[in-house]
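Since we're looking at a predicted model, the values are computed, not measured.
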Amino acid sequence: MKNFLTLASVCAIALASCNKDNFAPEGDFTAGLPAKPQKHIPVDVNGIITKSVLSKDTVWLIDGISFVRPGQTLEIQPGTVLTTGSTKSYVHNGVTNNIAGVLVVPKTAKLDAEGTATEPIVFTSPKATGRAAGDFGGLVILGQAPTNQTSPRIEGIPEPIGVDVSYGGSSSSDNSGILKYVRIEFAGYNLTPNNEINGLTLGGVGNGTTLSHIQVSWGKDDGFEFFGGTVNADHLVALSNDDDDFDFDFGYTGTITYGLSLKDPNSTNSVSGGSSDSNGIESDNDGTGSAAAPKTNPKLKNFTFLGIQNATTAGTKLKFGNRWRRATAMTIER
(Lines give C-alpha, C1' and ligand atoms only; values in the text may rest on other atoms or scores of the structure.)
Protein backbone atom coordinates (compact mmCIF):
# COMPACT_ATOMS: atom_id res chain seq x y z
CA MET A 1 0.00 0.00 0.00
CA LYS A 2 1.16 3.49 -0.73
CA ASN A 3 1.62 6.13 1.90
CA PHE A 4 -1.39 7.74 3.50
CA LEU A 5 -2.31 11.07 1.91
CA THR A 6 -4.17 13.94 3.46
CA LEU A 7 -7.86 14.26 2.76
CA ALA A 8 -7.30 17.49 0.88
CA SER A 9 -4.84 15.83 -1.49
CA VAL A 10 -7.13 12.91 -2.15
CA CYS A 11 -10.08 15.17 -2.87
CA ALA A 12 -7.98 17.14 -5.31
CA ILE A 13 -7.14 14.05 -7.39
CA ALA A 14 -10.27 11.98 -6.93
CA LEU A 15 -13.64 13.64 -7.44
CA ALA A 16 -14.57 17.08 -8.55
CA SER A 17 -17.54 16.75 -6.20
CA CYS A 18 -15.38 15.87 -3.20
CA ASN A 19 -14.78 19.44 -2.13
CA LYS A 20 -17.66 21.07 -3.95
CA ASP A 21 -20.13 20.99 -1.08
CA ASN A 22 -23.26 23.09 -1.10
CA PHE A 23 -23.50 23.14 2.69
CA ALA A 24 -19.98 22.78 4.11
CA PRO A 25 -16.77 24.79 3.67
CA GLU A 26 -14.35 23.39 1.13
CA GLY A 27 -12.80 20.17 2.42
CA ASP A 28 -14.93 20.17 5.62
CA PHE A 29 -16.99 17.00 6.02
CA THR A 30 -17.88 17.62 9.68
CA ALA A 31 -20.36 20.43 9.12
CA GLY A 32 -24.07 19.97 9.72
CA LEU A 33 -27.00 20.02 7.33
CA PRO A 34 -27.79 23.03 5.13
CA ALA A 35 -30.25 25.64 6.34
CA LYS A 36 -33.17 24.38 4.30
CA PRO A 37 -36.66 23.12 5.18
CA GLN A 38 -36.73 19.46 6.22
CA LYS A 39 -39.44 17.05 5.11
CA HIS A 40 -39.99 13.34 5.56
CA ILE A 41 -40.17 11.47 2.25
CA PRO A 42 -43.80 10.34 2.08
CA VAL A 43 -44.39 6.57 2.09
CA ASP A 44 -47.35 4.19 2.28
CA VAL A 45 -47.92 1.56 5.00
CA ASN A 46 -45.31 -0.74 3.39
CA GLY A 47 -42.66 1.97 3.23
CA ILE A 48 -43.07 2.52 -0.52
CA ILE A 49 -42.32 6.09 -1.56
CA THR A 50 -45.35 7.93 -2.94
CA LYS A 51 -43.42 10.88 -4.38
CA SER A 52 -41.68 10.88 -7.77
CA VAL A 53 -39.30 13.87 -7.43
CA LEU A 54 -37.12 15.00 -4.52
CA SER A 55 -36.17 18.66 -4.98
CA LYS A 56 -32.94 20.31 -3.90
CA ASP A 57 -34.71 23.07 -1.94
CA THR A 58 -35.48 20.56 0.83
CA VAL A 59 -33.44 18.28 3.10
CA TRP A 60 -35.23 14.94 2.71
CA LEU A 61 -35.54 12.60 5.70
CA ILE A 62 -35.63 8.86 5.01
CA ASP A 63 -37.82 7.08 7.56
CA GLY A 64 -36.96 3.47 8.38
CA ILE A 65 -36.40 1.47 5.20
CA SER A 66 -38.03 3.35 2.32
CA PHE A 67 -38.53 1.80 -1.12
CA VAL A 68 -38.86 3.22 -4.61
CA ARG A 69 -42.06 1.75 -6.03
CA PRO A 70 -41.32 -1.17 -8.43
CA GLY A 71 -41.88 -0.11 -12.03
CA GLN A 72 -41.41 3.57 -11.24
CA THR A 73 -38.53 6.07 -11.15
CA LEU A 74 -37.53 8.30 -8.25
CA GLU A 75 -35.80 11.48 -9.42
CA ILE A 76 -33.38 13.22 -7.05
CA GLN A 77 -32.38 16.67 -8.25
CA PRO A 78 -28.73 17.84 -8.34
CA GLY A 79 -27.71 19.45 -5.06
CA THR A 80 -30.24 17.51 -2.98
CA VAL A 81 -29.32 16.39 0.55
CA LEU A 82 -30.88 13.27 2.09
CA THR A 83 -30.46 12.12 5.66
CA THR A 84 -31.81 9.90 8.41
CA GLY A 85 -35.44 10.28 9.40
CA SER A 86 -37.59 8.45 11.93
CA THR A 87 -36.59 5.03 13.21
CA LYS A 88 -38.88 2.07 12.51
CA SER A 89 -38.85 -1.37 14.11
CA TYR A 90 -38.39 -4.53 12.04
CA VAL A 91 -38.34 -8.13 13.26
CA HIS A 92 -35.65 -10.45 11.89
CA ASN A 93 -35.35 -14.03 13.16
CA GLY A 94 -37.25 -13.07 16.28
CA VAL A 95 -35.02 -10.07 16.98
CA THR A 96 -36.29 -6.51 16.76
CA ASN A 97 -34.04 -4.08 14.88
CA ASN A 98 -34.59 -0.33 14.91
CA ILE A 99 -33.54 1.08 11.55
CA ALA A 100 -33.66 4.47 9.85
CA GLY A 101 -32.20 6.16 6.79
CA VAL A 102 -32.14 3.27 4.30
CA LEU A 103 -33.20 3.85 0.69
CA VAL A 104 -33.87 0.72 -1.40
CA VAL A 105 -34.37 0.60 -5.18
CA PRO A 106 -36.02 -2.81 -5.81
CA LYS A 107 -36.08 -4.76 -9.07
CA THR A 108 -37.87 -2.93 -11.92
CA ALA A 109 -37.65 0.39 -10.03
CA LYS A 110 -35.16 3.08 -11.09
CA LEU A 111 -33.25 5.89 -9.46
CA ASP A 112 -32.53 9.07 -11.44
CA ALA A 113 -29.89 10.63 -9.18
CA GLU A 114 -27.64 12.65 -11.46
CA GLY A 115 -25.77 15.32 -9.56
CA THR A 116 -23.05 17.53 -10.98
CA ALA A 117 -19.48 18.40 -9.98
CA THR A 118 -20.71 21.63 -8.37
CA GLU A 119 -24.01 20.24 -7.08
CA PRO A 120 -23.47 16.66 -5.90
CA ILE A 121 -26.29 14.66 -4.35
CA VAL A 122 -25.38 13.90 -0.73
CA PHE A 123 -26.61 11.15 1.60
CA THR A 124 -25.29 12.05 5.06
CA SER A 125 -25.54 12.15 8.85
CA PRO A 126 -28.31 14.24 10.43
CA LYS A 127 -25.97 15.45 13.19
CA ALA A 128 -24.52 18.93 13.37
CA THR A 129 -21.47 17.71 15.33
CA GLY A 130 -20.00 14.40 16.36
CA ARG A 131 -20.88 12.71 13.08
CA ALA A 132 -19.93 9.03 13.01
CA ALA A 133 -20.19 5.85 10.98
CA GLY A 134 -23.71 4.45 11.20
CA ASP A 135 -25.52 7.79 11.52
CA PHE A 136 -27.08 7.19 8.09
CA GLY A 137 -28.49 3.86 6.89
CA GLY A 138 -27.32 3.36 3.31
CA LEU A 139 -28.35 3.03 -0.32
CA VAL A 140 -29.35 -0.37 -1.77
CA ILE A 141 -29.97 -0.97 -5.49
CA LEU A 142 -31.36 -4.30 -6.72
CA GLY A 143 -31.55 -5.51 -10.33
CA GLN A 144 -32.23 -8.48 -12.57
CA ALA A 145 -28.74 -9.25 -13.90
CA PRO A 146 -27.14 -12.70 -13.41
CA THR A 147 -25.70 -13.94 -10.11
CA ASN A 148 -24.41 -17.39 -9.15
CA GLN A 149 -27.04 -17.81 -6.42
CA THR A 150 -30.62 -19.08 -6.50
CA SER A 151 -33.23 -16.42 -5.65
CA PRO A 152 -30.98 -14.50 -3.25
CA ARG A 153 -32.37 -11.84 -0.92
CA ILE A 154 -30.20 -8.84 -0.23
CA GLU A 155 -28.40 -8.81 3.10
CA GLY A 156 -29.06 -6.20 5.72
CA ILE A 157 -32.79 -5.83 4.99
CA PRO A 158 -34.89 -7.69 7.58
CA GLU A 159 -37.84 -9.94 6.83
CA PRO A 160 -40.77 -9.72 6.61
CA ILE A 161 -41.14 -6.21 5.24
CA GLY A 162 -43.95 -6.52 2.71
CA VAL A 163 -41.66 -5.72 -0.23
CA ASP A 164 -39.66 -8.03 -2.50
CA VAL A 165 -35.95 -7.58 -1.77
CA SER A 166 -34.72 -10.47 -3.89
CA TYR A 167 -32.34 -9.73 -6.74
CA GLY A 168 -30.77 -11.28 -9.81
CA GLY A 169 -32.12 -12.73 -13.05
CA SER A 170 -31.10 -13.25 -16.66
CA SER A 171 -30.95 -9.67 -17.98
CA SER A 172 -27.31 -8.57 -18.17
CA SER A 173 -28.41 -5.21 -19.60
CA ASP A 174 -30.96 -4.52 -16.87
CA ASN A 175 -31.25 -0.81 -16.06
CA SER A 176 -31.70 0.46 -12.49
CA GLY A 177 -31.16 4.09 -13.48
CA ILE A 178 -28.39 6.63 -12.84
CA LEU A 179 -26.21 7.38 -9.82
CA LYS A 180 -23.74 10.12 -10.73
CA TYR A 181 -21.82 12.72 -8.71
CA VAL A 182 -23.07 11.32 -5.42
CA ARG A 183 -21.58 11.22 -1.90
CA ILE A 184 -22.70 8.68 0.71
CA GLU A 185 -21.35 9.53 4.18
CA PHE A 186 -21.47 7.98 7.68
CA ALA A 187 -23.59 5.06 6.49
CA GLY A 188 -23.93 1.48 7.66
CA TYR A 189 -25.98 -0.80 9.88
CA ASN A 190 -25.17 -4.22 11.35
CA LEU A 191 -28.35 -6.31 11.48
CA THR A 192 -26.52 -9.46 12.60
CA PRO A 193 -22.93 -10.68 12.07
CA ASN A 194 -22.21 -10.88 8.30
CA ASN A 195 -25.59 -9.31 7.57
CA GLU A 196 -25.01 -5.58 7.16
CA ILE A 197 -26.10 -2.52 5.24
CA ASN A 198 -23.15 -0.94 3.42
CA GLY A 199 -22.64 2.54 2.05
CA LEU A 200 -23.70 1.43 -1.44
CA THR A 201 -25.02 -2.10 -1.85
CA LEU A 202 -25.60 -3.43 -5.38
CA GLY A 203 -27.44 -6.72 -5.87
CA GLY A 204 -27.70 -8.15 -9.39
CA VAL A 205 -27.46 -4.70 -10.97
CA GLY A 206 -27.21 -4.74 -14.77
CA ASN A 207 -24.92 -2.88 -17.16
CA GLY A 208 -27.74 -0.66 -18.38
CA THR A 209 -27.27 1.21 -15.09
CA THR A 210 -24.95 4.23 -14.84
CA LEU A 211 -22.61 4.49 -11.82
CA SER A 212 -20.15 7.36 -12.07
CA HIS A 213 -18.27 9.71 -9.71
CA ILE A 214 -19.46 8.22 -6.42
CA GLN A 215 -17.73 8.61 -3.06
CA VAL A 216 -18.53 6.53 0.04
CA SER A 217 -16.94 7.91 3.21
CA TRP A 218 -16.73 6.87 6.89
CA GLY A 219 -19.00 3.85 6.46
CA LYS A 220 -19.67 1.39 9.29
CA ASP A 221 -19.17 -1.62 7.00
CA ASP A 222 -18.10 -1.84 3.33
CA GLY A 223 -17.90 1.16 1.06
CA PHE A 224 -19.12 -0.57 -2.14
CA GLU A 225 -20.41 -4.15 -2.21
CA PHE A 226 -21.35 -5.89 -5.46
CA PHE A 227 -23.47 -9.05 -5.11
CA GLY A 228 -23.34 -10.49 -8.63
CA GLY A 229 -24.51 -8.39 -11.54
CA THR A 230 -22.83 -6.91 -14.58
CA VAL A 231 -22.93 -3.18 -13.84
CA ASN A 232 -19.95 -1.09 -14.94
CA ALA A 233 -18.75 1.96 -13.01
CA ASP A 234 -16.16 4.70 -13.12
CA HIS A 235 -14.52 7.11 -10.68
CA LEU A 236 -15.38 5.41 -7.39
CA VAL A 237 -13.80 6.64 -4.15
CA ALA A 238 -13.90 4.72 -0.85
CA LEU A 239 -12.64 6.83 2.05
CA SER A 240 -12.15 5.80 5.69
CA ASN A 241 -14.60 2.88 5.68
CA ASP A 242 -14.65 0.42 8.58
CA ASP A 243 -14.52 -2.86 6.63
CA ASP A 244 -13.71 -3.46 2.94
CA ASP A 245 -13.65 -0.56 0.52
CA PHE A 246 -14.66 -2.74 -2.45
CA ASP A 247 -16.32 -6.14 -1.89
CA PHE A 248 -17.25 -8.53 -4.73
CA ASP A 249 -19.41 -11.67 -4.37
CA PHE A 250 -21.85 -14.03 -6.10
CA GLY A 251 -20.57 -13.71 -9.66
CA TYR A 252 -20.00 -10.00 -10.23
CA THR A 253 -18.46 -9.53 -13.71
CA GLY A 254 -18.56 -5.79 -14.41
CA THR A 255 -15.76 -3.34 -15.19
CA ILE A 256 -14.73 -0.49 -12.88
CA THR A 257 -12.50 2.22 -14.31
CA TYR A 258 -10.68 4.57 -11.92
CA GLY A 259 -11.07 3.55 -8.29
CA LEU A 260 -9.49 4.89 -5.12
CA SER A 261 -9.26 3.14 -1.75
CA LEU A 262 -8.01 5.27 1.15
CA LYS A 263 -7.65 3.91 4.69
CA ASP A 264 -7.64 6.43 7.52
CA PRO A 265 -5.83 5.68 10.81
CA ASN A 266 -8.48 7.73 12.64
CA SER A 267 -11.43 5.66 11.38
CA THR A 268 -12.78 2.49 12.95
CA ASN A 269 -11.91 -0.93 11.51
CA SER A 270 -13.69 -4.27 11.44
CA VAL A 271 -12.28 -7.15 13.49
CA SER A 272 -12.37 -10.92 12.99
CA GLY A 273 -10.80 -13.30 15.50
CA GLY A 274 -9.36 -10.36 17.39
CA SER A 275 -7.48 -8.99 14.36
CA SER A 276 -8.33 -6.37 11.78
CA ASP A 277 -10.45 -7.58 8.85
CA SER A 278 -10.41 -4.30 6.94
CA ASN A 279 -9.26 -4.64 3.32
CA GLY A 280 -8.96 -2.45 0.26
CA ILE A 281 -10.61 -5.21 -1.79
CA GLU A 282 -12.22 -8.46 -0.70
CA SER A 283 -13.50 -10.81 -3.39
CA ASP A 284 -15.15 -14.26 -3.26
CA ASN A 285 -17.00 -16.41 -5.72
CA ASP A 286 -19.31 -17.25 -2.83
CA GLY A 287 -19.01 -17.97 0.87
CA THR A 288 -18.08 -21.63 0.35
CA GLY A 289 -15.60 -21.12 -2.49
CA SER A 290 -17.69 -23.19 -4.89
CA ALA A 291 -17.33 -23.22 -8.67
CA ALA A 292 -20.79 -21.70 -9.14
CA ALA A 293 -21.21 -19.77 -12.38
CA PRO A 294 -20.89 -17.04 -13.35
CA LYS A 295 -17.61 -16.79 -11.48
CA THR A 296 -16.86 -13.56 -9.66
CA ASN A 297 -14.45 -11.73 -11.97
CA PRO A 298 -14.32 -7.96 -11.48
CA LYS A 299 -12.35 -6.13 -14.14
CA LEU A 300 -10.51 -3.24 -12.52
CA LYS A 301 -8.68 -0.51 -14.41
CA ASN A 302 -6.58 2.29 -12.92
CA PHE A 303 -7.03 1.57 -9.21
CA THR A 304 -5.04 3.19 -6.41
CA PHE A 305 -4.77 1.87 -2.84
CA LEU A 306 -3.55 4.21 -0.12
CA GLY A 307 -2.77 2.74 3.28
CA ILE A 308 -1.10 3.92 6.46
CA GLN A 309 2.58 4.78 6.65
CA ASN A 310 3.15 3.82 10.29
CA ALA A 311 3.77 0.04 10.34
CA THR A 312 2.44 -0.44 13.87
CA THR A 313 -0.80 1.39 13.16
CA ALA A 314 -1.21 -0.36 9.81
CA GLY A 315 -0.90 -3.77 11.45
CA THR A 316 -3.78 -3.10 13.83
CA LYS A 317 -6.01 -1.11 11.48
CA LEU A 318 -5.65 -3.02 8.19
CA LYS A 319 -5.53 -6.59 6.90
CA PHE A 320 -4.74 -6.61 3.15
CA GLY A 321 -4.71 -4.14 0.33
CA ASN A 322 -6.18 -6.86 -1.93
CA ARG A 323 -7.76 -10.04 -0.58
CA TRP A 324 -8.69 -12.40 -3.42
CA ARG A 325 -10.05 -15.70 -2.06
CA ARG A 326 -12.70 -18.48 -2.27
CA ALA A 327 -12.42 -19.31 -5.98
CA THR A 328 -12.71 -15.75 -7.23
CA ALA A 329 -11.17 -14.63 -10.51
CA MET A 330 -9.84 -11.15 -11.25
CA THR A 331 -8.69 -8.96 -14.11
CA ILE A 332 -6.54 -5.93 -13.24
CA GLU A 333 -5.08 -3.33 -15.60
CA ARG A 334 -3.13 -0.15 -14.99
Side-chain angles (χ1 to χ4, degrees), residues 4 6-7 10-11 14-15 18 21 23-24 27-33 59 61-62 64-65 81-87 97-104 120-140 154-158 182-202 214-225 236-247 260-272 275-282 305-308 313-314 316-319:
F4 177 81
T6 65
L7 174 60
V10 172
C11 289
L15 282 179
C18 184
D21 195 319
F23 60 91
D28 181 5
F29 290 89
T30 62
L33 298 174
V59 174
L61 308 179
I62 304 174
I65 304 173
V81 176
L82 302 94
T83 191
T84 306
S86 301
T87 297
N97 295 272
N98 298 311
I99 303 175
V102 179
L103 178 61
V104 179
I121 294 167
V122 181
F123 296 82
T124 192
S125 167
K127 297 179 181 178
T129 60
R131 306 173 113 198
D135 287 350
F136 179 71
L139 176 58
V140 179
I154 200 65
E155 72 171 30
I157 306 300
V182 170
R183 291 209 321 264
I184 303 170
E185 303 168 350
F186 308 104
Y189 183 86
N190 296 328
L191 187 66
T192 57
N194 300 313
N195 190 11
E196 305 96 357
I197 298 172
N198 308 288
L200 178 58
T201 302
L202 302 154
I214 303 168
Q215 178 170 309
V216 180
S217 307
W218 293 285
K220 194 172 184 178
D221 195 60
D222 296 335
F224 300 87
E225 183 152 14
L236 303 185
V237 175
L239 170 64
S240 304
N241 292 295
D242 178 273
D243 196 25
D244 308 315
D245 286 334
F246 297 89
D247 198 335
L260 174 62
S261 164
L262 172 60
K263 292 298 190 184
D264 182 350
N266 296 313
S267 66
T268 60
N269 61 276
S270 59
V271 176
S272 177
S275 300
S276 175
D277 195 34
S278 182
N279 304 287
I281 287 176
E282 184 173 271
F305 300 89
L306 303 171
I308 299 168
T313 302
T316 58
K317 303 290 289 188
L318 305 178
K319 192 172 184 69

So, do [X] and [Y] sit near enough that their side-chain heavy atoms are less than 4.5 Å apart?
{"X": "W218", "Y": "D264", "result": "yes"}
{"X": "Y189", "Y": "I99", "result": "yes"}
{"X": "L191", "Y": "I197", "result": "no"}
{"X": "D135", "Y": "P126", "result": "yes"}
{"X": "T83", "Y": "L61", "result": "yes"}
{"X": "E155", "Y": "E225", "result": "yes"}
{"X": "Q215", "Y": "L239", "result": "yes"}
{"X": "N241", "Y": "F224", "result": "no"}

Measure across [X] and [Y] and return the closest heavy-atom pair with its distance rounded to 0.1 Å.
{"X": "G137", "Y": "V102", "value": "CA-CG2, 3.7 Å"}
{"X": "F246", "Y": "S261", "value": "CE1-CB, 4.2 Å"}
{"X": "S86", "Y": "A100", "value": "O-CB, 3.5 Å"}
{"X": "F136", "Y": "T84", "value": "CA-OG1, 3.3 Å"}
{"X": "E282", "Y": "D244", "value": "OE2-OD2, 3.2 Å"}

Quick one: [atom1] on [X] to [atom2] on [Y], what's the gap to the nearest 0.5 Å?
{"X": "I157", "Y": "I65", "atom1": "CD1", "atom2": "CD1", "value": "4.5 Å"}
{"X": "S240", "Y": "F186", "atom1": "OG", "atom2": "CZ", "value": "9.0 Å"}
{"X": "L260", "Y": "D245", "atom1": "CG", "atom2": "CG", "value": "8.5 Å"}
{"X": "N195", "Y": "D221", "atom1": "CG", "atom2": "CG", "value": "10.0 Å"}
{"X": "R131", "Y": "L33", "atom1": "CZ", "atom2": "CG", "value": "6.0 Å"}
{"X": "D247", "Y": "N198", "atom1": "CG", "atom2": "CG", "value": "7.5 Å"}

Checklist outcome for this item: Sorted by chain and number, sequence neighbours left out, side-chain contact (heavy atoms from CB on, under 4.5 Å) with D242 holds for T268, S270
